[in-house]
Peer 1: 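Below you'll find the structure I mean.
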Amino acid sequence: MGKVVVCDHPLIQHKLTIIRDKNTITKDFRDLVGEVATLMAYEITRDLPLAKTTIETPVAKMESSVLSGRMIGLVPILRAGLGMVDGILKLIPSAKVGHIGLQRDEETLQPVEYYLNLPTDAQERLLIVIDPMLATGGSAIAALSALKARGCRHLKLMCLIAAPEGVEALQAAHPDVDLYVAAVDERLNERGYIVPGLGDAGDRLFGTK
Ligand SMILES: O=P(O)(O)OC[C@H]1O[C@H](OP(=O)(O)OP(=O)(O)O)[C@H](O)[C@@H]1O
Ligand SMILES: O=c1cc[nH]c(=O)[nH]1
Ligand SMILES: [Mg+2]
């Protein structure tokens with residue numbers, strides 16, 4: 001079973017409170033989502049492997065650590081996942097970025113794929129799928145399935161807020177994928193929104209609606 005890591009650092013939790021507040025304006029919402037993504041990138045990269053290399057400081061030779069594992073790729077789920085990309089790239093500037101477009105049908109709550117573009121070496125990379133919201137889990141599950149269908153095997157998922165229903169569905173569909181979240185909320189409402197959540201992440205990020 002994939003692990004669920006709740007990133008409970010005080011800075012993340014403080015910023016998440018402002019993100020959730022319905023009175024937070026678009027600019028602040030966007031800035032804070034980016035900042036939380038940077039802080040969460042620190043957590044999701046905590047177990048990256050290191051190797052030793054020899055360098056010379058101005059004073060002496062030394063053995064020092066460098067990253068030695070797979071190269072990283074980010075795969076934001078459009079639209080709302082875009083809001084987290086730049087924040088993560090601040091810590092992992094060499095990551096390549098693929099995109100998957102998924103729109104949840106408002107009636108059926110089923111995700112509909114409309115776009116997919118991946119780095120040519122995506123299969124070799126550790127791919128971090130990014131979406132602020134894990135509600136029913138349908139979009140993230142579909143994104144991970146689309147990546148697996150193209151041979152990608154090293155996958156993690158980063159979200160801001162998850163519903164318990166989404167976590168359960170994710171673990172059933174993709175037990176090999178670890179989930180990093182800032183919060184797991186109470187439940188979904190009858191329209192498939194996370195309660196208390198933050199509303200529609202895409203609309204709040206881009207000022208639509
Ligand atoms: O877990 P689920 O039930 O699938 O719901 C979560 C999805 O819904 C939202 O996207 P939306 O369909 O609103 O698209 P948008 O980002 O373009 O607004 C959100 O960003 C997730 O992708
Ligand atoms: O609460 C929710 C659920 C799905 N998508 C969102 O943006 N918010
Ligand atoms: Mg939306």
Side-chain angles (χ1 to χ4, degrees), residues 2 4 6 15-26 28-34 36-37 40 44 74-88 97-118 127-149 155-175 177-209:
V4 179
V6 179
K15 290 173 193 292
L16 184 62
T17 298
I18 307 172
I19 289 170
R20 287 179 185 277
D21 191 326
K22 69 177 185 183
N23 294 314
T24 296
I25 62 171
T26 300
D28 294 344
F29 186 93
R30 197 181 289 144
D31 289 349
L32 286 159
V33 167
V36 170
M40 290 185 70
I44 206 166
L74 310 181
V75 184
I77 299 178
L78 308 180
R79 292 173 298 169
L82 289 175
M84 299 171 76
V85 172
D86 287 352
I88 301 172
V97 183
H99 296 85
I100 182 160
L102 290 169
Q103 174 92 49
R104 212 169 63 145
D105 181 304
E106 301 216 342
E107 299 291 315
T108 64
L109 301 184
Q110 293 306 306
V112 180
E113 185 180 318
Y114 60 85
Y115 187 74
L116 183 79
N117 186 310
L118 299 176
L127 297 182
I128 304 176
V129 176
I130 308 160
D131 194 324
M133 309 307 276
L134 185 73
T136 65
S139 302
I141 289 168
L144 292 162
S145 297
L147 295 174
K148 286 184 179 176
L155 303 164
K156 291 188 179 195
L157 176 63
M158 185 197 287
C159 303
L160 287 190
I161 302 179
E165 296 89 332
V167 175
E168 198 180 321
L170 172 76
Q171 289 186 321
H174 296 292
V177 176
D178 292 341
L179 168 66
Y180 289 73
V181 284
V184 179
D185 277 7
E186 284 167 38
R187 63 185 170 88
L188 292 178
N189 69 14
E190 60 291 343
R191 291 175 52 226
Y193 276 80
I194 299 176
V195 181
L198 53 70
D200 188 302
D203 285 339
R204 294 198 64 191
L205 264 172
F206 295 108
T208 45
K209 277 205 185 138

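Just so you know, ligand 1 is whichever comes first in the structure, and atom 1 is the first atom listed for that ligand.
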Peer 1: Relative to the heavy atoms of R79, which atoms of ligand 1 are at a distance of less than 4.0 Å?
Peer 2: 15 (P), 16 (O), 17 (O), 18 (O)
Peer 1: Find all atoms of ligand 1 within a distance of less than 4.0 Å from any non-hydrogen atom belonging to G137, and give their numbers and elements.
Peer 2: 1 (O), 2 (P), 3 (O)
Peer 1: Would you say the side-chain atoms of R104 pair up with the backbone N or O of L109, donor to acceptor, closer than 3.5 Å?
Peer 2: no
Peer 1: Between L179 and L170, does a side chain to side chain contact (heavy atoms under 4.5 Å, CB included) hold up when you go through it step by step?
Peer 2: CA-CA 9 Å; L179 168 66; L170 172 76; 3.9 Å; yes
Peer 1: Please assess L157 against L134 for the test side chain to side chain contact (heavy atoms under 4.5 Å, CB included), listing each intermediate value before the final yes or no.
Peer 2: CA-CA 10 Å; L157 176 63; L134 185 73; 4.1 Å; yes
Peer 1: Below 4.0 angstrom from a heavy atom of A135, which ligand 1 atoms are there? Numbered from 1 as shown, please.
Peer 2: 1 (O), 2 (P), 3 (O), 5 (O)
Peer 1: Below 3.5 angstrom, do we get any N/O pair linking A140 and ligand 1?
Peer 2: no
Peer 1: Using the side-chain contact (heavy atoms from CB on, under 4.5 Å) criterion, which residues pair with P196? Sequence neighbours excluded.
Peer 2: R20, D185, E186
Peer 1: If you take all heavy atoms of S145 and H174, which pair is closest and at what distance?
Peer 2: OG-NE2, 3.2 Å
Peer 1: Identify the heavy atoms of L78 and Y115 that sit nearest to each other, and give their distance.
Peer 2: CD1-CD2, 4.2 Å
Peer 1: Between I19 and V33, what is the shortest heavy-atom contact and its length?
Peer 2: CD1-N, 3.8 Å
Peer 1: Going by heavy atoms, is R104 under 4.0 Å from ligand 2?
Peer 2: yes
Peer 1: With a 4.0 Å cut-off on heavy atoms, does L109 reach ligand 1?
Peer 2: no
Peer 1: Just going by heavy-atom distances, which of E106, R104, Q110 is nearest to atom 5 (O) of ligand 1?
Peer 2: R104
Peer 1: Would you please determine whether P111 falls within less than 4.0 Å of ligand 1 on a heavy-atom basis?
Peer 2: no
Peer 1: Does an N or O from A80, backbone or side chain, lie closer than 3.5 Å to an N or O of ligand 1?
Peer 2: yes
Peer 1: Under a 4.0 angstrom heavy-atom cut-off, which atoms of ligand 2 come close to G199?
Peer 2: 1 (O), 2 (C), 6 (C), 7 (O), 8 (N)
Peer 1: Using a plain distance cutoff, I'd like to know if Y114 has any nitrogen or oxygen under 3.5 Å from a nitrogen or oxygen of ligand 1.
Peer 2: no
Peer 1: Give a yes or no on whether a salt bridge exists between D28 and K15, defined as a side-chain N under 4.0 angstrom from a carboxylate O.
Peer 2: no
Peer 1: Does ligand 2 have any atom sitting under 4.0 Å from a heavy atom of G192?
Peer 2: yes
Peer 1: Taking all heavy atoms of Y180 and all of K156, pick out the closest pair and write down the distance.
Peer 2: OH-NZ, 3.6 Å
Peer 1: Please classify the D131 to ligand 1 contact at 4.0 Å (heavy-atom distances, strictly less than): side chain, backbone, both or neither.
Peer 2: side chain
Peer 1: Using a plain distance cutoff, I'd like to know if M133 has any nitrogen or oxygen under 3.5 Å from a nitrogen or oxygen of ligand 2.
Peer 2: no
Peer 1: Looking at A135, which atoms of ligand 2 are within less than 4.0 Å of one of its heavy atoms?
Peer 2: 3 (C), 4 (C)
Peer 1: Taking only heavy atoms of I194, which atoms of ligand 2 are found under 4.0 Å from at least one of them?
Peer 2: 1 (O), 2 (C)
Peer 1: Below 4.0 Å, non-hydrogen atoms only: which portion of S139 touches ligand 1? Side chain, backbone, both or neither.
Peer 2: both
Peer 1: Donor-acceptor check, side chain of Q171 to backbone of G2, threshold 3.5 angstrom: yes or no?
Peer 2: yes
Peer 1: What are the two closest non-hydrogen atoms of A163 and V184, and how far apart are they?
Peer 2: C-CG1, 4.4 Å
Peer 1: Give the atoms of ligand 2, by number and element, whose distance to some non-hydrogen atom of A201 is under 4.0 Å.
Peer 2: 6 (C), 7 (O)
